[in-house]
Amino acid sequence: MRNLEVADIFDDIADFLELKNENPFRIRAYRRASQNIKSLNEDIEEILKRDGLLEILGIGKDLALKIKEIITEGRLKYLEELKREFPEGLAEIMNIPNIGPKTAKLLYEKLNIRDIDTLEEYAKAHRLSSLPGIREKTEENILKGIELVRRGRERMSLGIALPLAEKIINDLKDSSGIKRITYAGSLRRMKETIRDIDILVSSNSPNIIMDNFVKLPVVKEIISKGKTKSSILTKEGIQVDIRVVKPDSYGAAMVYFTGSKAHNIRIRELANKKGFKINEYGVFRKSDGKKIAGNEEIGVYNAIGLPYIEPELREDQDEIEAAINGRLPDILKLEDIKSDLHIHTKYSDGANSLKKIIDACKELGYEYIAICDHSKSLKVAGGLSEKDLMKQVGQIRKFNKISKDIKILAGSEVDILDDGSLDFDGDILKELDLVVASIHTGFKQAREKLTYRILKAMENKYVNVISHPTGRLMGARDAYELNLDRIFKQAADTNTAIEINAFPQRLDLTDINCKRAREFNVNFAIGTDTHSLPQLNYIRFGVAVARRGWIEAGSILNALSFKEFLKRIKK
DNA sequence: GCCGTTTTCGGCCCGACTGTTTTCAGTCG
């Protein structure tokens with residue numbers, strides 16, 4: 001997979017073109033191409049092989065040639081030429097907040113500043129004030145920005161961002177004058193990682209909201225405070241932006257602030273062609289400036305002839321075309337979920353007793369759940385021996401006899417061993433209601449070997465689900481190399497479901513891979529991999545991944561009724 | 001540099017905030 005390599009090169013080119021003050025539309029073409037390549041769900045080398053580059057949105061003749069050069073030559077002459085014109089450090093300088101191409105170029109040309117360290121020296125010595133448009137305040141901001149860059153403005157996981165946004169909204173929502181309040185941005189689109197949190201408010205008295213916002217207990221620093229828009233930095237160093245609009249603009253503002261930027265650009269282009277203008281206040285007829293929509297999101301889409309598009313789909317990844325052609329998927333909803341198919345208990349490395357887990361799941365309204373503790377080989381996680389597993393199965397059977405509200409599936413998260421066989425024999429596995437198989441060893445093995453192990457496991461007639469199929473742990477471990485297309489095909493052929501592991505550090509499969517797997521007609525199982533009670537709520541992150549992957553309820557095992565579920569998993 | 005129900009040229013999304021300016025450029029989302 002060299003998609004990222006190609007995307008990064010196009011991004012670098014865009015940086016250089018900005019420094020050169022090139023045609024902004026040309027720069028945007030590179031950025032858009034980069035963005036689209038990043039979110040492709042197919043290997044770009046494969047696309048090149050089948051001569052399909054021009055089908056990629058935003059790739060024309062010229063960029064197709066450049067992609068070919070990158071893949072075959074391992075480099076791009078054009079980028080190397082650009083690199084000769086400017087020192088490499090300038091791109092880094094442009095990463096500093098509030099320093100864009102104009103300032104970076106000015107610093108370089110007037111003071112020969114070509115890296116962050118030099119810039120810091122100059123700013124501290126007040127030697128930047130000699131430049132036009134830079135005085136003391138800008139020097140201060142540059143120093144602050146350098147600190148931010150050094151600390152690394154990393155993206156946080158959805159699991160951190162969502163609760164934080166909910167807390168801020170909760171703290172704010174009683175402010176007088178707030179009519180509606182929500183989070184927007186990449187958080188509302190439920191991207192797996194988030195950089196900034198965006199909050200949107202509708203109110204007729206924005207001043208009060210701005211004042212209350214910058215006084216919230218989480219605020220460490222006020223980045224900017226205006227009449228309708230402010231930004232703060234929390235004590236954890238997370239930027240939170242807020243925007244207040246009038247109630248009759250709330251829908252348009254929701255669309256605008258939910259993004260993605262690429263999606264917004266597309267719908268604005270579409271509006272333009274139809275004689276409308278879209279901004280964060282509404283949809284306006286160009287002929288007489290009359291506002292024709294804006295209160296609600298759906299009205300904005302309908303005004304330009306589109307059906308409502310779910311936030312998770314708004315990535316300019318074919319959703320506009322699908323909307324135009326009436327082939328938008330009816331994606332999974334949280335309410336569709338009837339079960340959690342991956343839960344650990346005290347039997348292995350979970351924190352809670354079977355009883356506690358069952359009670360909590362009843363509270364959540366589940367129709368059935370699957371208990372899947374680890375298998376005997378995974379000693380570090382307290383894997384169960386055959387004897388202990390059978391004891392657990394017995395306990396579950398007993399429970400099911402007296403329970404009316406919820407069905408408990410006796411399952412196991414069974415290790416896939418080095419040769420692709422399973423950690424328990426068939427005579428044990430046949431006693432279980434659900435077998436979830438996963439790899440916990442040999443992450444560094446070759447792609448072919450790891451792929452083989454999973455393919456082999458799927459051949460086992462007792463295996464219902466492959467859990468966290470790529471093994472990634474965000475911030476700790478990359479996904480291991482797999483031939484996913486072969487795995488998806490095998491999953492469909494053997495009726496083995498692929499798990500969407502909802503644990504925020506995993507989210508494995510990813511949204512992009514879900515979209516790919518969907519083309520193979522595979523079934524999915526969402527599991528929280530819960531090890532302690534609050535983690536049962538992670539289900540919403542798994543649902544988010546499925547939604548971003550265009551998955552409909554019909555192919556999610558745990559969106560099926562218990563009866564349907566049992567039918568569907570038969571191999 | 002891409003793209004086409006304005007189709008092979010001439011368009012290309014739109015507005016808020018800051019810091020520096022006497023009316024705006026640069027940056028950001």
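Quantities reported herein were computed from a predicted structural model and do not represent experimental measurements. We use all heavy atoms of the structure for the numbers below, so side chains are in, but hydrogens, waters and symmetry mates are not. Lettering follows sequence order; numbering is per chain, from 1.
Comparing B:dT23 with B:dC13, their P atoms are spaced 30 Å from each other, to the whole Å. A gap of 13 Å separates the C1' atoms of B:dC12 and B:dT6, to the nearest Å. Using P as the reference atom, B:dT21 and B:dG26 are 13 Å apart when rounded to the nearest Å. B:dC2 and B:dT8 have their C1' atoms separated by 12 Å, given to the nearest Å. Across B:dA16 and B:dG10, the matching P atoms stand 32 Å from one another, rounded to whole Å. Rounded to a whole angstrom, the distance from the P atom of B:dT5 to that of B:dG1 is 23 Å. Across the C1' atoms, B:dT27 and B:dT20 are found 14 Å apart, a figure rounded to whole Å.
Between A:F284 atom CZ and B:dG15 atom P the separation is 9 Å, expressed in whole Å. Residue A:F276 contributes atom CZ, which lies 12 Å from atom P of B:dT6 at whole-angstrom precision. Spacing between atom CZ of A:R31 and atom C1' of B:dT27 amounts to 13 Å, rounded to whole angstrom units. Distance, A:K105 NZ to B:dT27 P: 12 Å, rounded to whole Å. Rounded to a whole Å, the CD atom of A:E139 is 20 Å from the P atom of B:dT18. The interatomic distance linking A:I223 (CD1) with B:dC17 (C1') rounds to 12 Å, in whole Å. A straight line from CG of A:L131 to P of B:dG19 spans 17 Å, rounded to a whole angstrom. Per the geometry, CD1 belonging to A:I324 stands 10 Å off P belonging to B:dG4, to the nearest Å.
With B:dC13, B:dG1, B:dG29 as the candidates, the nucleotide lying closest to the side chain of A:A29 is B:dG1. Distances from the side chain of A:K277 to the nucleotides B:dT27, B:dG15, B:dT18 place B:dG15 closest. Distances were taken from every side-chain heavy atom of A:N98 (C-beta onward) to each of B:dT27, B:dT18, B:dG15; the shortest belongs to B:dT27. Proximity note for A:L63 (side chain, C-beta onward) versus B:dT27, B:dA16, B:dC2: the nearest is B:dC2. For A:K137, taking side-chain heavy atoms from C-beta onward, the closest of the listed nucleotides B:dG15, B:dT20, B:dC13 is B:dT20. Side-chain atoms of A:E269 lie closest to B:dC12 of the nucleotides B:dG26, B:dC12, B:dG1. Considering only side-chain atoms of A:D62, the nucleotide from B:dT18, B:dG1, B:dG29 that sits closest is B:dG1. Between B:dC2, B:dC17, B:dC12, one nucleotide has an atom nearer to the side chain of A:F25 than all others, and that is B:dC12.
With salt bridges taken as basic N to acidic carboxylate O contacts below 4.0 Å, one links A:D485 and A:R516. Using a cutoff of 4.0 Å between basic side-chain nitrogens and carboxylate oxygens, A:K167 and A:E236 are not scored as salt-bridged.
Across all strands shown, A:R28 has heavy atoms under 4.0 Å from base atoms, whether or not it also approaches the sugar-phosphate. A:I59 comes within contact range of the sugar-phosphate backbone alone, with a heavy-atom separation under 4.0 Å but no base atom that close. Counting any heavy atom pair closer than 4.0 Å across all strands shown, A:I96 reaches sugar-phosphate atoms only and no base atom. Backbone-only contact: A:T228 has heavy atoms under 4.0 Å from sugar-phosphate atoms and none from a base. As judged by a 4.0 angstrom heavy-atom cut-off over every strand, A:T103 is placed among residues touching the sugar-phosphate backbone only. Using a 4.0 Å heavy-atom distance criterion, A:P101 is classed as a sugar-phosphate-only contact. Residue contacts for A:Y30: at a heavy-atom cut-off of 4.0 Å it reaches the sugar-phosphate backbone alone, with no base atom in range. Among the heavy atoms of the strands, none lies under 4.0 Å from A:K274. A:I134 comes within 4.0 angstrom of sugar-phosphate atoms only, judged by non-hydrogen atoms across all strands, and of no base.
Put simply, A:R243 has no side-chain N or O that comes within less than 4.0 Å of OP1 or OP2 on B:dC17. Close to B:dG15, at under 4.0 Å from its OP1 or OP2, lies a side-chain N or O of A:N279. Using a 4.0 Å cut-off, some side-chain N or O of A:Y281 falls inside it from OP1 or OP2 of B:dA16. In terms of phosphate contacts, A:N141 brings a side-chain nitrogen or oxygen within less than 4.0 Å of OP1 or OP2 of B:dG19. Contact between the side-chain N/O atoms of A:T138 and the OP1/OP2 oxygens of B:dT20 is found at a separation under 4.0 Å. At B:dG1, one or more side-chain N or O atoms of A:R26 fall inside 4.0 Å of OP1 or OP2 (strictly under the cut-off). A close approach under 4.0 Å does occur between a side-chain nitrogen or oxygen of A:K66 and OP1 or OP2 of B:dG1. The phosphate of B:dG29 (OP1 or OP2) has a side-chain N or O of A:R195 nearer than 4.0 angstrom.
Between the base of B:dG1 and the side chain of A:N23 there is a donor-acceptor pair shorter than 3.5 Å.
B:dT8 is unpaired under the Watson-Crick or G-U wobble criterion, no partner having all donor-acceptor distances under 3.5 Å.
Between A:L54 and A:G100, the one whose closest nucleotide on DNA chain B sits nearer the 5' end is A:L54. The 5' end of DNA chain B is approached more closely, in terms of each residue's nearest nucleotide, by A:G226 than by the other of A:R135 and A:G226.
More than 12 heavy-atom neighbours from other residues, nucleotides or ligands sit within 6.0 angstrom of CD on A:E85. Other residues, nucleotides and ligands place no more than 12 heavy atoms under 6.0 Å from the CG atom of A:D478.
The shortest heavy-atom contact between A:E18 and A:R31 is OE1-NH2, 3.2 Å. Heavy atoms only, all atoms of each residue included: A:E139 and A:L128 are closest at OE2-N, 2.9 Å. Among all heavy-atom pairs drawn from A:Y183 and A:I169, the shortest one is N-CD1, 3.5 Å.
In this structure, the side chain of A:N3 engages the main chain of A:E42 through a donor-acceptor pair within 3.5 Å.
Between A:F86 and A:F16, the two ring planes are parallel [angle under 30°; tilted spans 30° to 60°].
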